[in-house]
Amino acid sequence: MNAGALALALLMIGAGAESADAPPTPSAVFNLTVPDVPVVDQNGRTLRFYSDLVKGRTVAINFIFTSCTTICPQLTLAMRRTQEVLGQRVGRDVFLLSISVDPARDVPERLRAFAATFGAGPGWTFVTGRNADIARLLKALGNTGGGADHTTTVLIGNEPAGHWMRSSGLASVATNMKLILAAAAAKSPRRF
Amino acid sequence: MKGRSRWLGLVTAAVLLRALATSGQTPQPLAAQEQRGRDIYFGVAAGIKAVVGLPPTDASPTLLACASCHGRDGKGKAEGQVVPSDITWDALTKPYGVTHTGGRTHQPYTERLLVRAICMGVDPGGHQLHTAMPRFQMSRDDIAALTLYLKRLGRADDTGLDDTTVRIVTILPATGSFAAAGAAAGAVLTGYFDALNKQGGIFNRRLEISVATLDAHAENPRAIIEQLIADTRPFAMIGGAPTGAERDIAEAAESNRIPFVNALPLLPTWTGVEYQHTFSLLSGVEQQARALIHYATEHGDGRSGSMAIVYSERIASPPIVDAIKEHGIRAGWHGMKVFNADRAGTTQALVDELNQAHVTHLLPMTESPALAELGAAIAATGSTPVLLIPGSVVDDDVLQLSAAFAGRLFLALPSLPSDQTPAGSAEYRTIAEAYRLPADQIASQIAAFSSAKTLTHAFKLAGRALSREKVVAALESLYDFDTGLMPRVTFSPNRRIGASGAYIVAVDADGRRFTQVTRWIGVE
């Protein structure tokens, strides 16, 4: 390999590399029990988190709060980019969910305004709810911090297939897109 | 009832001032380039582009303002395992280089290397910065302005707080009908904080109150307020008398993350939390309307009647009106009708519609002179529905309607003189005597005094390691807090109206005397 080719190769690796503070690599596949707590969406409708939003679906779930100025805009922008790339498949093959980690403050009006700011479309639901219900939900989904201590995790899962993975909401859109498509393509376990 | 005009002065003030004509000048910033840099840092400057993420996505620079992650002081605030770097100039240019959390090191920044980091996302060592750091595109002039601002960032006392002093600013009307109210509120606040400082302040910090004034005719109050904040750098803000620019103050407080305690809520009225940092002690039009519906439901011909809401969007937004209508329907007023006065055409056309609907109870959320004209026009047709009027929209012309609507004119008031407890009155009198406060303008004095008492109580709750976040949390934790001069105050993460409710008073035929007809009606 001559020097020019080497430089070119390095450049290409550079372009594909994540930053100096690389986000964590995606987790292995695991199964997950999603609690069926009552939640309220950005339009003020009361829904059951598992029955109405997760059951029978492939979902990407992130954790935000509307008064967060640091990473939530970034996480939400990445989710919007995912929405753009998936296009018509959002709301049909894949559903996007953003759970508020600050339910007391994030009333539906605030979630609606936040969703509008980031151009969230159909098939992307923002949820809040009673403190105790959301706390139970966050614990079950592995978001153990509170308030500003929330993780940058994106939880990607295919509920019927029992195929769940964690990735970083700051990872490249291409990385998370691969995981979402892999989840959507996962087969349900055979039942005998 | 005595003290009518005082209380009306308070409750109608916000409405009246908004109608004042506008003219005047915005002061020129002293260092325009530095101000431009500050605007870029806080994401309010036009002409900046930002991309973020992998692959890079265009995003609004307002969402990705430097201050959002690096903080107002440039020191960075960690969130969700992301630790934004300290970007104060001293930290960036340490002669022996910079070591980040996680061990990454590089040589010190120079101006040229800083421009490269901001525009290309690369540190002095050639490493890519964190994915969360956007890349910005801006003109040479803008990058120079931003660099200039970064050099002073963190050195300036940006928060109005140090170990010995807490700085508080109040913005009061200097001219117009509320100039005297403004002067009285300023005197109260000066006295209140001086007395507190003589007792040792709070956690050994002096409370330094700056009284700023706003011309009632100012053309661009928001710009003046922003400049005032940039110049005085308050830790917290407090209200007293209405400037007519309360919404501008609330917006400026929000964008600068400054807690702002005020007696009167903003108009148009709003449910829940519109601004995180603004706390209003008294109820607004929405809560007053709900209390009036409650009263009408419990008294007189009640539910068998037909109620109409006439509203203006300057007083109540359509979603709020819908919520009030729903509230009425749930209370049993099945035939609730809603009319938008801004779109109704002539007053006569609106009166005809109301008469055709056989309205027995009218709940207006409009302002004078339209409100007074509407009442007079209805009376002229021989129809006299019960008038249920939120105190915040009442003025002397509206009270004149009492002649035609004798015994059928009711107001919802957010506070009454009977709210004053012996202890609260004594505390006020001590300050009033020591600082020779004026004997008039009692409403704005009470507004300022109660706001000061509430804010300082929150300072005490927040503790020695004071921060604005802790003050907001402390205010949110107040439950039935007694200022001694107003109804008790409760806030929560979802509640920015302290005393959510009203008293109903009947107005006598000459419009001079009020008779209290209910106890406090609390509404959610």
For B/A59 against A/L77, the heavy-atom pair lying closest together
CB-CD1, 3.5 Å
Reported CZ-to-OG distance for the pair B/R257 and A/S67, which is rounded to 0.5 angstrom:
7.5 Å
Within residues 90-100 of chain A or reaching into it, pairs that qualify as side-chain hydrogen bond (donor to acceptor under 3.5 Å, both in side chains) - sequence neighbours excluded
A/N62-A/S98, A/R89-A/D93, A/S98-A/W124, A/S100-A/D106
A/Q74 to B/V52 - nearest heavy-atom pair and separation
OE1-CG2, 2.8 Å
Identify the two heavy atoms, one from A/L170 and one from B/H130, that lie closest to each other, and give their separation to 0.1 Å.
CD1-CE1, 3.7 Å
Using non-hydrogen atoms only, which part of A/A78 is less than 4.5 Å away from chain B: side chain, backbone, both, or neither?
neither
Distance from B/Q276 atom CD to A/T66 atom OG1, nearest 0.5 Å?
6.5 Å
